[in-house]
Amino acid sequence: MGKYRVRALAIAAGALLLGGCGERKQEMAGNVRVGVTCYDLSDTFISELLDCLRDTLARQEEISVTVRDAAGSQRTQDDQVEEMIEEGCRVLCVNLVDRADPSGIIDLARKHNVPIIFFNREPVAEDLKQWDQLYYVGADAKQSGTMQGELAADLIRSDPAIDRNRDGKIQYVVLEGEPGHQDAIIRTESAVDTLKNEGVELEKLSWQIANWNRAQAQNRMTQMISQYQTQIELVLANNDDMALGAMDAYGKTNYTESEIPVFFGVDGTSVGLEAVAEGRLAATVYNDKEGQTEAMAKLIQAIISGQGMEELSFQDDQYLYLPYDKVTKENVSLFPKK
Ligand code: BGC
Ligand code: CA
């Protein structure tokens, strides 16, 4: 399913991007600058999404792309936005460092009439409503948590050995993303609620924040293992990198396979998909970077040309949300791997 949807979207986007550019292309070949700034390019998912965006925009000859890495500093990102506007960027794509603090950027963009497409880190609604040339492209956090919960419930039902101590409950821990990120708390809540609604009895042993980061997750998991030893039966991680970090922590113990919990992630990064294919990661939820970047490219094209806005499926006029997809060992080969 996933593959066909991804592919259909890509084809639709491609057709749109190719169509109707003829005259305009001559007029401004390579001349339309698009500026992109990312919150932190050491983030696995964001760097893969950026590669995708670059590839997608490279197919549009009239566009040249400038990329900046804010490396975790909102001040740096504000400066980058200012510079990119001065350099003549016509559209900006902003992956906010602090999703609650976009006002500096918004004021600047508005003053110079440069539309902004925020992506992946969603500004609060009041901020996006400040100007009608602000957009957001991303995905619905709740859906990713629900899918993770469903995947975990399916596996728990089909494999009684997951409840190792046979007490009828699943002892679990959570590795959570950055505090304040729309995808962190919501993923956890909806995954846990879904498991409960599916009739799985749960016992929460602990939860730890690991800021989307593999090394931090390894660290936190090591602490939880020393506290709970072999009691942990399920690890729910808000993203693949943290699930992999948790697996790294178990790799350093001498527990046998039957003493190691099952792990679930979100994203379907290259390493995540590989771990699913090898059966180390029980399942993940695909964060559709191809769909998201195609939507961004279509939006950029529509902004530049003043045509095609009506073909985009906006929610509340300014939001484009792409659906997630479940990834298991059975369908993992259908997902794009680098
Ligand atoms: C992804 C994480 C990523 C974060 C960055 C989330 O949607 O699932 O892997 O670290 O976005 O903002
Ligand atoms: Ca149990």
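Computed from a prediction, not measured in an experiment: that's the story for all the values here. When a ligand or atom number is given, it counts from 1 through the structure's own listing order. Both backbone and side-chain heavy atoms feed into the values below; hydrogens, waters and symmetry mates do not.
No part of Lys289 comes within 4.0 Å of ligand 1, judged by heavy-atom distances. Counting heavy atoms closer than 4.0 Å to ligand 1, residue Asp240 contributes nothing at all. By the criterion of a heavy-atom distance under 4.0 Å, the side chain of His181, and not its backbone, is placed next to ligand 1.
Below 4.0 Å from some heavy atom of Arg121 lie the following atoms of ligand 1, by number and element: 5 (C), 12 (O). Atoms of ligand 1 lying under 4.0 Å from at least one heavy atom of Asp267, given by number and element, are 1 (C), 2 (C), 8 (O), 9 (O).
At least one heavy atom of Asn287 sits closer than 4.0 Å to an atom of ligand 1. For Arg187, the heavy-atom gap to ligand 1 drops under 4.0 angstrom.
For Arg220, the salt bridge (Lys or Arg N to Asp or Glu O under 4.0 Å) criterion is met by no residue, not counting sequence neighbours. With sequence neighbours left out, the side-chain contact (heavy atoms from CB on, under 4.5 Å) criterion links Thr328 to Leu151, Ala283, Glu330, Asn331.
Considering each of Leu49, Asn95, Asp183, the one bringing a non-hydrogen atom nearest atom 7 (O) of ligand 1 is Asp183.
Between Tyr255 and Tyr250, the ring planes are tilted. Angles from 30° to 60° get that label. Using bins of under 30°, 30° to 60° and over 60° for the plane-to-plane angle, the ring pair Phe335/Tyr286 lands in the tilted bin.
For the Ca ion (ligand 2), protein N, O or S atoms under 3.0 Å: 7 in total.
A heavy-atom distance below 4.5 Å is not found between the side chains of Gln218 and Met242.
No side-chain donor-acceptor contact under 3.5 Å links Thr269 and Asp267. At a cut-off of 3.5 Å, with distance as the only test, a side-chain donor of Glu259 or Thr256 sits close to an acceptor on the other residue. Neither side chain, Gln74 nor Asp98, offers a donor N or O lying under 3.5 Å from an acceptor on the other.
The protein heavy-atom contact nearest to atom 10 (O) of ligand 1 is Asp43 OD2, 2.5 Å.
Polar contact with ligand 1: absent for Asn238 (N/O pair, distance under 3.5 Å). Between Asn239 and ligand 1, at least one pair of N/O atoms sits closer than 3.5 Å. An N or O contact shorter than 3.5 Å links Asn120 to ligand 1 by distance.
In this structure, the side chain of Asp240 engages the main chain of Val266 through a donor-acceptor pair within 3.5 Å.
Within a 6.0 Å sphere centred on CZ of Arg157, other residues, nucleotides and ligands contribute more than 12 heavy atoms.
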Derivation of the ring-ring contact (aromatic ring centres under 6.0 Å, His included) call for Phe314 and Tyr135: CA-CA 9 Å; Phe314 286 108; Tyr135 302 93; 5.7 Å; yes
Solution key, residues 100-113 side-chain donor-acceptor pairs under 3.5 Å, sequence neighbours excluded:
unit_1	atom_1	unit_2	atom_2	d
Arg110	NH1	Gln130	O	2.8
His112	ND1	Leu108	O	3.0

